[in-house]
S.K.: 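Dumping the structure here so I can ask a few things about it.
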Amino acid sequence: MKIDIITLFPTMFTGFLSESIIGRAIKENKVEINLINLRDYTKEKHGHVDDTPFGGGAGMVLMCQPVFDCIKSLRKEDSLVIMMTPQGKTFNQEVAKELVIKNHLIILCGHYEGFDERIRSIVDLEVSIGDFVLTGGEIPAMAITDSIDGVIEKDSHEYDSYSNWMLEHPQFTKPRVYEGMEVPSVLCNGNHKEIEKYKLKESLRRTYLRRPDLLEKHELTKEEKVLLDEIIKEEKC
Ligand code: ADE
């Protein structure tokens with residue numbers, strides 16, 4: 001998969017792209033990530049990419065010309081152009097799974113007060129990472145790139161929150177007792193069947209207690225129904 005990120009602030013991505021799982025995925029050629037500086041595409045003689053809004057108002061608006069030219073030069077037949085904006089579709093794990101099957105993503109990061117409305121005509125999808133307004137699309141672009149990369153590394157995510165719709169069960173590491181708090185003995189007894197049952201039940205419990213809305217959206221298996229009944233009784237005591 002190839003991800004082209006159009007930004008006015010490419011250095012914001014330096015640490016993000018070189019560290020941890022993203023850094024490894026790039027090294028292993030699982031994903032190719034390119035940073036494109038929007039300023040390189042402006043034809044404005046002072047190098048500007050933005051201007052004041054018609055009709056007045058605070059701040060500056062990204063101009064059509066550099067964005068149109070930049071996207072035109074990057075877009076291929078199988079590209080999906082995504083605009084980062086608080087007005088977009090709210091990003092979640094399902095959207096991440098839809099995006100991971102694409103060969104080529106072009107992510108457009110805004111800055112300043114917004115985009116010239118005509119830019120929307122060359123965009124395929126608008127994405128928001130939540131109901132809050134950031135100063136630019138760079139952090140949202142990192143969030144969705146990180147999440148897509150997580151889906152690529154699917155194995156380690158099989159039990160992670162939301163990947164299989166439930167919240168993740170509690171996790172522990174050494175020592176077995178810390179300041180009087182003990183690791184549940186079932187996790188240390190080596191019985192894999194019991195361990196899997198514990199993980200499923202505690203995932204269900206977390207979801208029931210913290211995100212009951214997720215339970216309503218999914219059809220439970222027979223085993224999950226039995227476990228959920230037990231949990232409801234236990235939590236009432
Ligand atoms: N740009 C500014 N705020 C944003 C948000 N919440 N999501 C996506 N892009 C943004």
Side-chain angles (χ1 to χ4, degrees), residues 1 16 19-25 30-31 82 84 86-102 105 125-134 139-237:
M1 163 180 247
F16 169 67
E19 299 293 330
S20 186
I21 293 172
I22 298 272
R24 199 176 66 209
K30 285 184 182 161
V31 61
I82 305 169
M84 301 313 306
Q87 298 181 13
K89 173 176 182 171
T90 306
F91 189 74
N92 61 22
Q93 197 69 24
E94 242 126 73
V95 180
K97 283 179 186 163
E98 282 166 26
L99 296 184
V100 83
I101 57 175
K102 307 285 177 193
L105 301 181
L125 180 67
E126 297 183 28
V127 170
S128 164
I129 60 161
D131 289 339
F132 44 85
V133 181
L134 298 167
I139 290 170
M142 287 185 223
I144 71 165
T145 303
D146 192 272
S147 161
I148 289 167
D149 200 64
V151 178
I152 292 171
E153 307 261 321
K154 188 167 155 279
D155 281 355
S156 61
H157 276 239
E158 220 139 79
Y159 276 99
D160 276 7
S161 304
Y162 304 105
S163 291
N164 59 351
W165 75 263
M166 274 183 255
L167 300 190
E168 194 180 11
H169 55 79
Q171 304 248 49
F172 300 89
T173 186
K174 294 181 199 71
R176 275 186 74 161
V177 183
Y178 186 74
E179 295 199 347
M181 293 176 282
E182 276 186 47
V183 176
S185 58
V186 59
L187 293 176
C188 311
N189 71 10
N191 183 330
H192 294 293
K193 236 178 149 183
E194 275 185 33
I195 290 172
E196 288 317 305
K197 189 173 162 193
Y198 167 88
K199 287 180 176 176
L200 176 60
K201 184 169 178 181
E202 295 314 312
S203 281
L204 272 169
R205 190 190 307 276
R206 276 259 145 116
T207 312
Y208 170 70
L209 293 174
R210 297 183 184 199
R211 291 292 307 275
D213 57 303
L214 294 177
L215 287 173
E216 278 156 27
K217 282 188 211 146
H218 286 87
E219 187 145 351
L220 299 182
T221 64
K222 251 188 190 168
E223 185 189 13
E224 287 165 353
K225 274 184 195 151
V226 171
L227 290 174
L228 185 61
D229 283 344
E230 283 176 26
I231 291 164
I232 292 169
K233 275 184 204 135
E234 287 163 15
E235 292 301 324
K236 270 191 186 141
C237 294

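Residue numbers start at 1 and run along the sequence shown.
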S.K.: With a sphere of 6.0 Å drawn around CD1 of Ile232, does it hold more than 12 non-hydrogen atoms of other residues, nucleotides or ligands?
M.R.: yes
S.K.: Output the distance between atom CG (Leu105) and atom OG1 (Thr145), rounded to the nearest 0.5 Å.
M.R.: 8.0 Å
S.K.: Is a donor on one side and an acceptor on the other found under 3.5 Å between the side chain of Thr207 and the backbone of Leu167?
M.R.: yes
S.K.: Looking at every non-hydrogen atom in both residues, tell me the closest pair between Leu204 and Glu224 and how far apart they are.
M.R.: CD1-O, 3.6 Å
S.K.: So which heavy atom on Ile148 is nearest to which on Ala96, and how close?
M.R.: CG1-O, 4.4 Å
S.K.: Got a sec: does the CG of Asp229 have more than 12 other heavy atoms crowding it under 6.0 Å?
M.R.: yes
S.K.: Dump the intermediate steps for side-chain contact (heavy atoms from CB on, under 4.5 Å) on Met142 and Ile22, then the final yes or no.
M.R.: CA-CA 10 Å; Met142 287 185 223; Ile22 298 272; over 6 Å; no
S.K.: Please walk me through it: do Val151 and Gln93 pass side-chain contact (heavy atoms from CB on, under 4.5 Å)?
M.R.: CA-CA 9 Å; Val151 178; Gln93 197 69 24; 3.5 Å; yes
S.K.: Quick one: does Pro184's side chain get under 4.5 Å of Phe172's, heavy atoms only?
M.R.: yes
S.K.: Minimum heavy-atom separation for Arg205 and Glu202, please, with both atom names.
M.R.: NE-OE1, 2.8 Å
S.K.: Let me confirm one number: the CG-NZ distance from Leu125 to Lys89, rounded to the nearest 0.5 Å.
M.R.: 6.5 Å
S.K.: Mind checking the OG1-CG spacing from Thr221 to Leu228? Nearest 0.5 Å is all I need.
M.R.: 10.5 Å
S.K.: Quick one: CD on Glu216 to CZ on Arg211, what's the gap to the nearest 0.5 Å?
M.R.: 11.0 Å
S.K.: Looking only at heavy atoms, which two atoms of Asn191 and Asn189 are closest? And how far apart?
M.R.: N-OD1, 2.8 Å
S.K.: Applying the salt bridge (charged side-chain N to carboxylate O under 4.0 Å, His left out) test to Lys201, which of Glu223, Glu194, Glu234 qualifies?
M.R.: Glu234
S.K.: Would you call Met84 and Leu134 a side-chain contact if the rule is heavy atoms closer than 4.5 Å?
M.R.: no
S.K.: So Pro170 and Tyr198, do their side chains get closer than 4.5 Å, heavy atoms only?
M.R.: yes
S.K.: Going by side chain to side chain contact (heavy atoms under 4.5 Å, CB included), name the residues that satisfy it together with Lys217, two or more places apart in sequence or in a different chain.
M.R.: Asp213, Leu214
S.K.: Would you say Lys197 and Leu227 make side-chain contact, with heavy atoms under 4.5 Å?
M.R.: yes
S.K.: How about Trp165 and Leu215: do any of their side-chain heavy atoms sit closer than 4.5 Å?
M.R.: yes
S.K.: For the backbone of Lys199 and the side chain of Ser203, can you confirm whether one donor and one acceptor N or O come within less than 3.5 Å of each other?
M.R.: yes
S.K.: Mind listing the closest non-hydrogen atom pair of Thr90 and Val95 along with its distance?
M.R.: O-CG2, 3.9 Å
S.K.: Would you call Phe91 and Ile82 a side-chain contact if the rule is heavy atoms closer than 4.5 Å?
M.R.: no
S.K.: Could you measure the distance from the CD1 atom of Ile129 to the CD1 atom of Ile144? Nearest 0.5 Å is fine.
M.R.: 9.0 Å
S.K.: Between CG of Asp149 and NZ of Lys30, what distance do you get to the nearest 0.5 Å?
M.R.: 8.0 Å
S.K.: What's the shortest heavy-atom distance between Glu168 and Arg206, and which atoms?
M.R.: O-CG, 3.7 Å
